[in-house]
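A quick write-up on the structure given underneath.
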Amino acid sequence: MRKLHTASRASFRRASGVLSCSLGLILIHVRNPPPPTMKVAHICLWVHVSLAASGLVNAFDPITTTVLVGFGATLGRTIYRYFQETCDPKWIAYNATGLKTDLDSKLFGQHIASRIILKAVTGFMSNDNPKKPLVLSLHGWTGTGKNFVSKLIADSIYAEGMHSGFVHVFTSTLHFPHAEHIATYKSQLQQWVRGNVSNCERSMFIFDEMDKMHPGLIDSIKPYLDYYDKLDGVSYRKSIFIFLSNAGGDSIIQTALDFWNAGRNREEIELKDLETALSLSVFNNNNSGFFRTSLIDKSLVDFFVPFLPLEYRHVVQCAMAEMKARNMKPNHETADNVARDLVYFPKSERVFSVKGCKSIESKLDFFS
């Protein structure tokens, strides 16, 4: 009997040792977490292999086994909750300083957009009881920074940034390609938005290529953007909706050209010089998803954010920033070569880049 008790104590000490090692490994993972897809599986596999290799799976008496299994199940749930993204401040916490730093150091030639975005997002995220969702409509030619700014906003709010399960991106030509299915798209879009906001009120929805969306489709979510406390038990007031569009880009470019022709600095351009013409241009464009939309008619878009065409110097800045992002030594000569290889307009003066900074990555591959 004494030998049996001694064996049981020895088994328990070995079990304690394995569990201590397992807990130690867990603490290491907490301090230095691996990629999200490996976190839980890696730890659980390690514990299982450790138990099997030590021969403890069959060595425990029923009571000890029950305790260990119960402890393991509880521990597993705790680990899962720790690493699984949830809709709480641990995973969703706005960093205003980080957004300002990113806008100042990574977004070039967009003094109007930077100012509006920072104030709008900061004001909204600081309000615990907003009256409606934040609705931003970003406009400008390709390569001027609209998608990039959406990423910066997501990075400032969600721990997982654009990879967060609470950030949802719709691309018109991919998700809503066929005009004859618009009724189905409307129903699906309503269900998708409602379901995701029900899961997390701090959801973000990004609609890309609004200029290619079928007119009338976006009106299906108009109630969710309005001043309602709740709709069918769901509150949308803490969500963010961002629309990206090339529509209105021509009016923005014309204003920038007018300032340039008058010898005025682009930094003198203000939102009031663009906003009215921009909203009217978008509203009356029958090839745009915003054509005669109730979102504009009912003033549910909080800010129309213009993105100015980029000049040569801004393209050079983009190239230098890309080198830094690749951990390359910044080389101004290479950046100049990249910038010179792009197409500019007007053709005679070569003032503004036709594609902005969109092709910088591929050009840098060629010149570096």
Side-chain angles (χ1 to χ4, degrees), residues 98-114 117 138-156 161-163 167 169 171-174 206-212 242-257 259-261 265-267 269 305-368:
L99 180 58
K100 183 179 187 308
T101 299
D102 283 344
L103 290 170
D104 290 343
S105 62
K106 299 178 181 179
L107 183 67
F108 307 112
Q110 304 298 353
H111 65 284
I112 299 175
S114 292
I117 293 296
L138 315 186
H139 297 266
W141 270 21
T142 184
T144 52
K146 302 184 298 296
N147 280 285
F148 184 61
V149 163
S150 301
K151 176 184 180 302
L152 295 184
I153 295 173
D155 288 344
S156 72
M162 289 294 291
H163 298 292
V167 176
V169 181
T171 302
S172 295
T173 53
L174 175 63
I206 301 171
F207 293 84
D208 197 5
E209 298 183 343
M210 279 298 297
D211 49 301
K212 296 180 178 66
I242 302 176
F243 302 107
L244 312 180
S245 177
N246 291 348
D250 291 343
S251 64
I252 296 171
I253 287 172
Q254 188 57 56
T255 300
L257 278 171
F259 270 71
W260 184 80
N261 288 324
N265 194 312
R266 70 186 277 126
E267 279 69 30
I269 304 175
V305 186
F307 282 71
L308 301 173
L310 299 181
E311 298 176 5
Y312 181 93
R313 58 192 170 105
H314 303 127
V315 176
V316 171
Q317 288 177 302
C318 288
M320 296 289 281
E322 179 62 20
M323 290 182 206
K324 183 178 180 180
R326 297 186 185 188
N327 294 318
M328 295 171 57
K329 183 178 180 180
N331 186 312
H332 203 280
E333 182 180 354
T334 300
D336 272 330
N337 289 333
V338 169
R340 279 198 297 268
D341 200 54
L342 300 185
V343 178
Y344 295 83
F345 70 96
K347 289 185 178 180
S348 55
E349 293 87 355
R350 287 173 53 87
V351 181
F352 301 118
S353 170
V354 171
K355 293 185 178 180
C357 287
K358 196 172 186 67
S359 59
I360 288 297
E361 291 186 20
S362 58
K363 294 289 185 183
L364 190 57
D365 290 336
F366 179 78
F367 284 101
S368 57

Looking at side-chain heavy atoms only, is the closest gap between M323 and T334 below 4.5 Å? yes
Output all residues satisfying ring pair (Phe, Tyr, Trp, His ring centres under 6.0 Å) with W260, sequence neighbours left out; order by chain, then residue number. none
Who passes salt bridge (charged side-chain N to carboxylate O under 4.0 Å, His left out) against K151, sequence neighbours left out? D155
Partner set under ring pair (Phe, Tyr, Trp, His ring centres under 6.0 Å) for F207, not counting sequence neighbours: F170, F243
Taking atom types as modelled and ignoring hydrogens, do the side chains of T171 and E209 form a donor-acceptor contact shorter than 3.5 angstrom? no
side-chain hydrogen bond (donor to acceptor under 3.5 Å, both in side chains) partners for H139, two or more places apart: S137
Okay, side chain of T144, backbone of G140: is any donor-acceptor separation there less than 3.5 Å? no
Has the side chain of D211 got a donor or acceptor atom that lies under 3.5 Å from a matching backbone atom of N246? yes
Do the side chain of S362 and the main chain of S359 share a donor and acceptor less than 3.5 angstrom apart? yes
To the closest 0.5 Å, what do you measure between OG (S150) and CG (L138)? 5.5 Å
Which pairs count as side-chain hydrogen bond (donor to acceptor under 3.5 Å, both in side chains) when at least one residue sits in residues 339-352, sequence neighbours excluded? N337-R340, D341-K363
Quick one: which of H314, E267, R266 gives a side-chain contact (heavy atoms from CB on, under 4.5 Å) with L308? R266
Taking only residues two or more places apart in sequence or in another chain, which ones pass salt bridge (charged side-chain N to carboxylate O under 4.0 Å, His left out) with K146? none
